[in-house]
Amino acid sequence: MVWQAHLPGSGVVNATLAVDGGRVFGLTSQVGAPGAFALNEADGSLAWSTTIDDQEGSDAYASPVVYQGYVFAGWSGSATQARASTSSV
């Protein structure tokens with residue numbers, strides 16, 4: 001193991017991660033508050049994290065996809081994209 005990371009919140013990762021541009025991207029499954037995060041590939045430190053939905057019953061079980069500087073994610077019947085560098089939607 002090169003490094004391990006503690007993610008913000010109490011969600012868990014239920015899908016594969018995406019790696020691009022020195023970052024590791026993932027989604028956290030937490031009913032009512034699923035999230036997205038980016039870790040620095042070199043040391044596992046948190047680059048950014050955000051809650052992607054706050055609807056009752058929302059959750060994330062998908063794998064993120066990174067394409068041309070954006071992270072695409074789907075959850076609970078919805079989807080969004082965010083800039084890979086900042087998490088801004």
Side-chain angles (χ1 to χ4, degrees):
M1 180 182 307
V2 177
W3 50 258
Q4 62 182 348
H6 295 280
L7 302 174
S10 59
V12 297
V13 176
N14 287 330
T16 57
L17 303 170
V19 180
D20 185 69
R23 298 249 169 104
V24 178
F25 302 94
L27 301 179
T28 54
S29 172
Q30 182 174 344
V31 176
F37 64 89
L39 305 174
N40 291 304
E41 184 179 16
D43 61 8
S45 62
L46 184 66
W48 56 260
S49 69
T50 188
T51 300
I52 55 178
D53 200 342
D54 61 2
Q55 295 179 68
E56 183 178 339
S58 61
D59 206 353
Y61 286 93
S63 298
V65 174
V66 182
Y67 179 71
Q68 294 189 346
Y70 287 90
V71 180
F72 293 87
W75 68 93
S76 294
S78 192
T80 194
Q81 66 185 35
R83 282 213 173 272
S85 59
T86 63
S87 84
S88 62
V89 176

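Predicted model, so just to flag it, every value in this text is computed and none were measured.
A single hydrophobic cluster is not seen to contain both F72 and Y61; linkage of ILVMFWY side chains at heavy-atom distances under 4.5 Å, directly or through other members, places them apart. The same ILVMFWY cluster, assembled from side-chain heavy atoms under 4.5 Å apart, contains both V2 and F37. A single hydrophobic cluster is not seen to contain both V31 and V13; linkage of ILVMFWY side chains at heavy-atom distances under 4.5 Å, directly or through other members, places them apart.
The closest donor-acceptor contact from the side chain of N40 to the backbone of A42 lies at 3.5 Å or more, if one exists at all. Side chain of T51 to backbone of A33: no donor-acceptor contact under 3.5 angstrom is found.
Nearest heavy atom pair, residue E41 against residue V19, reads OE2-CG1, 3.6 Å. Taking every heavy atom of both residues into account, A38 and R23 meet most closely at CB-CD, 4.0 Å. The heavy-atom pair separating A15 from A62 by the smallest distance is CB-O, 3.3 Å. For S29 against A60, the heavy-atom pair with the smallest separation is CB-O, 3.1 Å.
Applying the side chain to side chain donor-acceptor pair (under 3.5 Å) test to T16 and every residue at least two apart in sequence or in another chain returns S63.
Put simply, CZ on F25 and CG on L17 are 11.0 Å apart, with the number rounded to the nearest 0.5 Å. Going from atom CD of Q30 over to atom OG of S58 covers 9.5 Å, rounded to the nearest 0.5 Å. Remark: Q68 CD to D20 CG distance equals 10.5 Å, nearest 0.5 Å.
Side-chain contact between W75 and L27 is absent, with no heavy-atom pair separated by less than 4.5 Å. Residues V12 and T28 have side chains not in contact (no heavy-atom distance under 4.5 Å, counting atoms from C-beta outward).
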Exercise for the section: Would you check, one step at a time, whether the test side-chain contact (heavy atoms from CB on, under 4.5 Å) holds for L46 with L39? Expected result: CA-CA 5 Å; L46 184 66; L39 305 174; 3.9 Å; yes
